[in-house]
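Have a look at the structure below before the remarks.
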Amino acid sequence: FPTRRSSDLFPSHDRLESYYGKHRFFAEVSSHIEPIFCGEYPLLLNPVVDSMRISMQMLDIPSKIVFQHELQYDREKKKSDLVLALVRAAGADIYLAGTGSKGYMQMENFQEQNIQVIFNQFSHPEYPQKYLSKFQPGMSCLDLFFNVGIQQAREIFWETVRAKGE
């Protein structure tokens, strides 16, 4: 595969600046994400992972990104058994699942392996959005960063995580 400039893969930094440039935290956030827009990437996966890592750093998320191909597991497994094999191969004892997986997960297998399954019921935190009179959910985390800054974005994120744990 040919190496591509990120400008060939994503909207340009100029387009972000045209929308978010007048936001109070544009300069603060831009300094962190600029490398994504300037890099050269052999695969689309690379800038996506870079953006995840940068977002995780900005939010102080200490988790490690582990790729499935890096794990040793039985590659013949399917559905719930595959998920369980991946969780075990990653050395985890908690699995955060989407609510859609309730239909196929064999919970007894996770319980037998002492794997706690938590079903995520995402509730979008609201924050002030410049130019909008009503909150628009489902935007990227960049919208959160540009609107409230890195420090307040961390606070909003971790308050939401803590609220889920209660």
Side-chain angles (χ1 to χ4, degrees), residues 6-7 9-39 41 43-71 82-84 86-103 105 107 110 114-166:
S6 53
S7 58
L9 302 171
F10 297 111
S12 72
H13 187 268
D14 293 340
R15 287 176 62 193
L16 267 180
E17 187 170 6
S18 70
Y19 186 77
Y20 290 109
K22 295 190 187 302
H23 283 59
R24 179 175 166 199
F25 298 100
F26 182 78
E28 173 190 27
V29 175
S30 289
S31 66
H32 290 272
I33 65 171
E34 185 77 32
I36 296 169
F37 295 95
C38 299
Y41 297 103
L43 301 171
L44 180 58
L45 173 69
N46 301 120
V48 171
V49 171
D50 280 356
S51 69
M52 288 171 47
R53 285 191 173 116
I54 290 168
S55 297
M56 290 170 68
Q57 288 172 341
M58 291 168 67
L59 291 170
D60 279 341
I61 299 172
S63 302
K64 178 183 173 189
I65 297 173
V66 178
F67 294 98
Q68 183 174 342
H69 74 269
E70 297 171 337
L71 299 173
L82 173 60
V83 173
L84 180 57
L86 292 170
V87 170
R88 290 185 42 84
D93 57 5
I94 298 174
Y95 175 62
L96 181 62
T99 55
S101 63
K102 285 182 179 181
M105 285 187 66
M107 297 301 296
F110 286 81
N114 294 317
I115 305 290
Q116 179 185 359
V117 178
I118 299 171
F119 290 98
N120 183 28
Q121 304 241 343
F122 182 70
S123 175
H124 205 301
E126 292 190 16
Y127 54 90
Q129 293 172 311
K130 189 173 183 144
Y131 307 126
L132 299 176
S133 58
K134 183 179 176 197
F135 180 72
Q136 175 66 49
M139 304 293 284
S140 81
C141 63
L142 288 178
D143 186 71
L144 174 65
F145 290 130
F146 286 131
N147 277 291
V148 302
I150 295 170
Q151 185 57 42
Q152 190 176 355
R154 280 183 193 141
E155 292 167 11
I156 290 169
F157 173 80
W158 287 106
E159 284 172 17
T160 303
V161 169
R162 280 191 293 277
K164 293 287 180 196
E166 297 173 353

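One-based numbering along the sequence shown. Values in this document were obtained by computation on a predicted structure and should not be read as measured data.
Atom-to-atom distance recorded for N120:CG and L96:CG is 5.0 Å, nearest 0.5 angstrom. Going from atom CD1 of I115 over to atom CD1 of I94 covers 9.5 Å, rounded to the nearest 0.5 Å. Of the inter-residue distances, the one linking R53 atom CZ with K64 atom NZ reads 9.5 Å to the nearest 0.5 angstrom. From Q151, atom CD reaches atom CD1 of I156 across 10.5 Å, with rounding to the nearest 0.5 Å. Expressed to the nearest 0.5 Å, how far CE of M52 lies from CD1 of I54 amounts to 11.5 Å. The structure places CD of E155 at 11.5 Å from CG of L59, a figure rounded to the nearest 0.5 Å.
E126 places no side-chain N or O within donor-acceptor distance of the main-chain N or O of F135, the cut-off being under 3.5 Å.
Side-chain contact check for S30 versus F146: some heavy-atom pair is nearer than 4.5 Å. Counting only heavy atoms from C-beta outward, the side chains of V83 and F110 approach each other to under 4.5 Å. Residues F25 and L144 are not in side-chain contact: their nearest non-hydrogen atoms beyond the backbone lie 4.5 Å or more apart. T99 places none of its side-chain heavy atoms less than 4.5 Å from the side chain of F122. Two residues are said to be in side-chain contact when any heavy atoms from C-beta on lie closer than 4.5 Å; Q152 and Y127 fail this criterion.
Residues forming a side-chain hydrogen bond (donor to acceptor under 3.5 Å, both in side chains) with Q68 (at least two apart in sequence, or on another chain): Y73. In this view, D60 and R154 satisfy the salt bridge (Lys or Arg N to Asp or Glu O under 4.0 Å) rule, not counting sequence neighbours. Partners of S63 according to the side-chain contact (heavy atoms from CB on, under 4.5 Å) rule, which considers only residues two or more places apart in sequence or in another chain, are M56, I61.
Heavy-atom neighbours of K22 NZ from other residues, nucleotides or ligands within 6.0 Å: at or below the threshold of 12.
Closest heavy-atom contact between I33 and F37: O-CD1, 3.5 Å. In terms of heavy atoms, V148 sits closest to P128 at CG1-CD, 3.9 Å. Taking both residues in full, the closest heavy atoms of F119 and S101 are given as CE2-OG, 3.6 Å, listed atom of the first, atom of the second, then distance. Between L16 and L142, the shortest heavy-atom contact is CD1-CD1, 4.2 Å. Minimum heavy-atom separation, M58 to I150: O-CG2, 3.4 Å. The minimum heavy-atom distance between P137 and H124, with the atom names listed, is CB-CD2, 3.8 Å.
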>> Is there a ring-ring contact (aromatic ring centres under 6.0 Å, His included) between H32 and F145? Walk through the geometry before answering.
In response: CA-CA 11 Å; H32 290 272; F145 290 130; 8.4 Å; no
>> Between F67 and V49, is the side-chain contact (heavy atoms from CB on, under 4.5 Å) condition met? List the steps.
In response: CA-CA 10 Å; F67 294 98; V49 171; 3.7 Å; yes
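Annotation: H23 is in aromatic contact with Y131 [ring centroid separation under 6.0 Å].
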